[in-house]
Amino acid sequence: MRARFAPSPTGYLHVGSARTALFNWLAVRNAGGELVLRSDDTDRERGSEEYYRDVIDGLRWLGLDWDEGIEVGGPHGSYRQSERLTRYGEVAEELRKAGSAYLCFCTPDELSARRDEARAAGRPPGYDGRCRTIEPTAASERRDSGEAAVLRLAIPRPGETVFEDIVRGEVAFDHANVEDFVLMRSNGSPTYHLASTIDDVDFAITHVIRGEDLLSSTPKHILIALAMGAEPPQYAHLSLLMGPDGKKLSKRHGDTALHAYRAGGFLPEAFVNYVALLGWNFGDDESVFTRDEMVARFDLSDVQKNPAIFDNEKLEWMNGVYIRDLAFDDFLARTEPLLEADLGRPLEDAERDAYREIAPLIQERMRLLTEAPEQARFLLVDEVSYDPASWEKVMTKPDSRRAVEAATTRLEAVEEWATDPIEGTLREMLAELQLNARKGLQPLRVAATGSSVSPPLFESLAALGREASLKRLRGVLERL
RNA sequence: GCCCCCAUCGUCCAGAGGCCUAGGACGCCGCCCUUUCAAGGCGGAAACGGGGAUUCGAAUUCCCCUGGGGGCACCA
């Protein structure tokens with residue numbers, strides 16, 4: 001099996017393309033075949049190097065490797081279409097000479113006028129084929145004398161293209177609905193249909209796995225391959241990803257660029273696991289599984305035919321599962337840089353130690369890596385800023401001042417500043433003041449961390465250190 | 001307008017004629033645990049779009065309708 005992922009660098013890699021890439025990768029790895037990465041960059045107006053890099057970075061981040069193609073090379077020469085233009089020209093000329101394609105001199109204005117006409121009359125809006133009857137030699141002469149011409153494929157008429165789609169089963173298109181489409185533009189550049197199909201043939205691609213948006217273009221690609229004398233590959237058309245409103249996933253639904261998920265604190269493993277579930281299932285009612293397990297069980301023919309809605313909630317849940325699963329060192333390696341970015345400076349040794357003390361507790365309660373700075377910030381700043389809602393909710397209660405006062409006095413006397421002694425001391429305080437934990441401890445939490453939501457209190461105080469903890473308690477006393 | 005694809009809880013998937021009083025996961029709602037928040041445990045609400053046909057028997061097969069999606073460029 002040889003499959004390919006062929007993004008066009010006209011935008012950032014978005015989650016829909018990432019899923020297509022993943023399914024290609026899974027199919028290939030399951031079959032022990034090769035994955036080719038090429039760049040369909042024939043659109044030089046919209047393409048850019050920045051997008052090209054973004055696609056590659058995105059695939060690498062997801063851990064989807066390829067065996068051949070851009071960046072890694074391979075036996076088929078350049079894998080960027082912009083560098084294969086002469087090849088496309090050669091094939092186009094061969095097709096024309098063989099009579100499979102013909103020159104067309106209709107102007108864009110004429111074409112769109114006729115298209116509107118046909119649409120209004122309820123006929124298929126495709127090109128009507130009028131230049132097809134022009135004598136080939138006469139046509140070449142007109143072109144050679146400078147008249148603008150495009151090259152069109154002469155679709156067999158009457159006719160029909162039927163193929164067996166791996167996910168959809170048999171699909172048939174009557175050629176009455178397939179126009180004699182353009183192969184070469186009047187400026188001599190190939191269209192997507194031509195370039196892409198030639199590449200698939202030249203690179204010996206056996207399986208084309210792509211989005212359903214290309215389903216109705218498939219007869220065109222099959223017909224080109226056939227005209228080239230090649231055997232068309234097998235096709236698998238994946239349903240599209242939708243936004244929460246059931247419409248095709250797009251910028252309207254927020255940032256759909258893959259890099260936004262990376263920046264948003266998602267783990268690539270979680271992202272891959274979640275996306276694999278969109279249109280496929282692992283079996284056994286399991287939804288969390290490793291990459292190896294996924295590869296072992298993946299089968300294109302099990303892929304769902306209907307479109308799936310991308311559910312950020314479930315992705316976040318899964319991300320939390322993966323975060324909790326991270327080895328501690330790995331967790332630190334992934335979150336400490338975020339803390340430093342948040343602080344705008346490197347962590348000092350003492351801060352690093354403090355963070356590592358409560359990091360296990362933070363790890364348990366995160367869904368996104370980006371929450372680490374929020375949870376640990378109280379350890380790393382001199383002055384906490386009090387969350388207004390938390391202050392209002394907790395500090396305005398009648399017992400708050402007593403609790404903070406009593407806690408301050410008692411904590412000052414704690415000999416060993418560690419979780420257990422702190423807890424012991426504070427529990428005594430609760431008993432003495434006859435306060436329950438909610439009333440007596442929440443004020444301390446807000447005082448120490450600035451928020452009513454934080455890692456567990458005793459550990460937080462221990463990690464904060466005696467001086468800083470007491471300073472914050474006293475500071476609160478002044479405000480109460 | 002024309003062509004193609006699709007149709008099970010709010011969402012993602014199980015279900016390939018009787019095992020279905022339709023199963024799991026996310027989310028949601030209770031309860032438990034608990035110093036907050038999470039995590040975890042237990043329980044709950046929640047779906048086969050409609051109509052025909054085939055069959056002793058349809059979520060599962062066929063047809064129609066409806067609904068949703070995609071495509072119809074000298075874009076990819």
Side-chain angles (χ1 to χ4, degrees), chain A residues 6-11 40-43 45-47 104 106-108 111-112 115 118-127 148-152 165 167-168 171-174 176-179 181-187 189 191-193 195-196 211-219 237 239-240 242 244 246-248 274 277-288 304-318 320-321 324 361-362 364-367 375 390 394 423 426-427 430 436-442 444-446 449 451-458 460:
Chain A
S8 115
T10 52
D40 282 12
D41 58 353
T42 51
D43 187 346
E45 315 248 308
R46 294 192 296 148
C104 165
C106 299
T107 67
L111 293 171
S112 68
R115 188 157 40 235
R119 206 180 284 235
R123 284 179 280 119
Y127 175 65
V150 298
L151 185 73
R152 291 181 182 273
D165 190 280
V167 341
R168 272 149 223 285
V171 182
F173 288 87
D174 189 319
N177 297 305
V178 184
E179 65 171 337
F181 60 98
V182 174
L183 259 18
M184 292 291 279
R185 304 189 184 97
S186 54
N187 68 5
S189 68
T191 60
Y192 163 76
H193 299 303
S196 171
E212 192 194 351
D213 50 339
L214 270 328
L215 184 59
S216 44
S217 297
T218 304
H237 287 94
S239 61
L240 269 14
M242 303 294 170
K247 301 291 182 195
K248 187 176 176 180
Y274 172 69
L277 251 16
L278 261 24
W280 182 72
N281 79 89
F282 185 68
D284 296 344
D285 282 339
E286 290 298 324
S287 51
V288 180
Q304 193 85 12
K305 292 192 272 272
N306 48 335
I309 290 174
F310 193 88
D311 179 10
N312 256 301
E313 291 275 351
K314 190 165 182 176
L315 206 210
E316 285 191 18
W317 162 78
M318 186 163 286
V321 171
R324 271 171 252 125
L361 301 170
I362 290 179
E364 277 174 25
R365 53 207 84 211
M366 275 186 2
R367 282 159 92 92
Q375 298 239 22
S390 297
V394 175
E423 173 165 7
L426 292 178
R427 292 223 181 265
L430 290 178
N436 64 25
R438 179 182 294 275
K439 285 180 180 167
L441 264 25
Q442 276 301 81
L444 309 183
R445 180 189 306 282
V446 174
T449 71
S451 169
S452 59
V453 176
S454 82
L457 180 63
F458 311 129
S460 294

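Both backbone and side-chain heavy atoms feed into the values below; hydrogens, waters and symmetry mates do not. Bear in mind that the values here come from a model prediction, so they are computed numbers and not experimental data. Chain A is the first sequence line, chain B the second, and so forth, proteins listed ahead of strands; every chain is numbered from 1.
Residue R115(A) places at least one side-chain N or O under 4.0 Å from the OP1 or OP2 atom of rA73(B).
For S454(A) and C106(A), each mapped to the nucleotide of RNA chain B holding its nearest heavy atom, the one lying further toward the 5' end belongs to S454(A).
Within the nucleic acid shown, M318(A) has no heavy atom closer than 4.0 Å to any nucleic acid atom. Using a 4.0 Å heavy-atom cutoff across all strands shown, H237(A) reaches no nucleic acid atom at all. Within the nucleic acid shown, L214(A) comes within 4.0 Å of at least one base atom, counting heavy atoms only. Using a 4.0 Å heavy-atom criterion, one finds that L278(A) contacts the sugar-phosphate atoms exclusively. Residue P455(A) is in base contact, counting any heavy-atom pair closer than 4.0 Å across all strands shown. Among the heavy atoms of the strands, none lies under 4.0 Å from G320(A). Here V182(A) lies in heavy-atom contact (under 4.0 Å) with sugar-phosphate atoms only. Among the atoms of the strands shown, base atoms are found under 4.0 Å from some heavy atom of S452(A).
Only the C1' atoms considered, rG23(B) is 28 Å distant from rU66(B), to the nearest whole Å. On the P atoms, rA7(B) is 15 Å away from rC64(B), given to the nearest whole Å. rG49(B) and rU8(B) are spaced 11 Å apart, taking the C1' atom of each and rounding to whole Å. Taking the C1' atom of each, rG18(B) and rC12(B) are spaced 28 Å apart, rounded to whole Å. Atom name C1', nucleotides rC48(B) and rG43(B): the rounded distance is 25 Å, in whole Å. The gap from the P atom of rG57(B) to that of rA39(B) amounts to 49 Å, rounded to the nearest Å. Taking atom C1' on both rG71(B) and rG24(B), the two are 35 Å apart, rounded to the nearest angstrom.
Nearest to the side-chain atoms of P456(A) among the listed nucleotides rC26(B), rU35(B), rG70(B) stands rU35(B). Nearest nucleotide to the S287(A) side chain, out of rA25(B), rA39(B), rA76(B): rA25(B). Distance from the side chain of R119(A) is smallest to rG1(B) among rU36(B), rC74(B), rG1(B). In this structure, the nucleotide among rG27(B), rC72(B), rC74(B) sitting nearest to the side chain of R367(A) is rG27(B).
Here the C1' atom of nucleotide rC72(B) and the CG atom of D174(A) are 15 Å apart, to the nearest Å. Spacing between atom CG of D213(A) and atom P of rA76(B) amounts to 14 Å, rounded to whole angstrom units.
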>> For a side chain to side chain donor-acceptor pair (under 3.5 Å) check, start with the C-alpha distance between T10(A) and S8(A), then their side-chain angles and the critical distance, and finish with the verdict.
In response: CA-CA 6 Å; T10(A) 52; S8(A) 115; 3.0 Å; yes
N/O to N/O distances under 3.5 Å, protein versus nucleotides 4-10 of chain B:
residue, atom, partner, partner atom, Å
rC5(B), O2', R168(A), NH1, 2.2
rC5(B), O2', E212(A), OE2, 3.4
rU8(B), OP2, N306(A), ND2, 3.3

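Base-pair partner of rG18(B): rC56(B) (Watson-Crick or G-U wobble, both distances under 3.5 Å).
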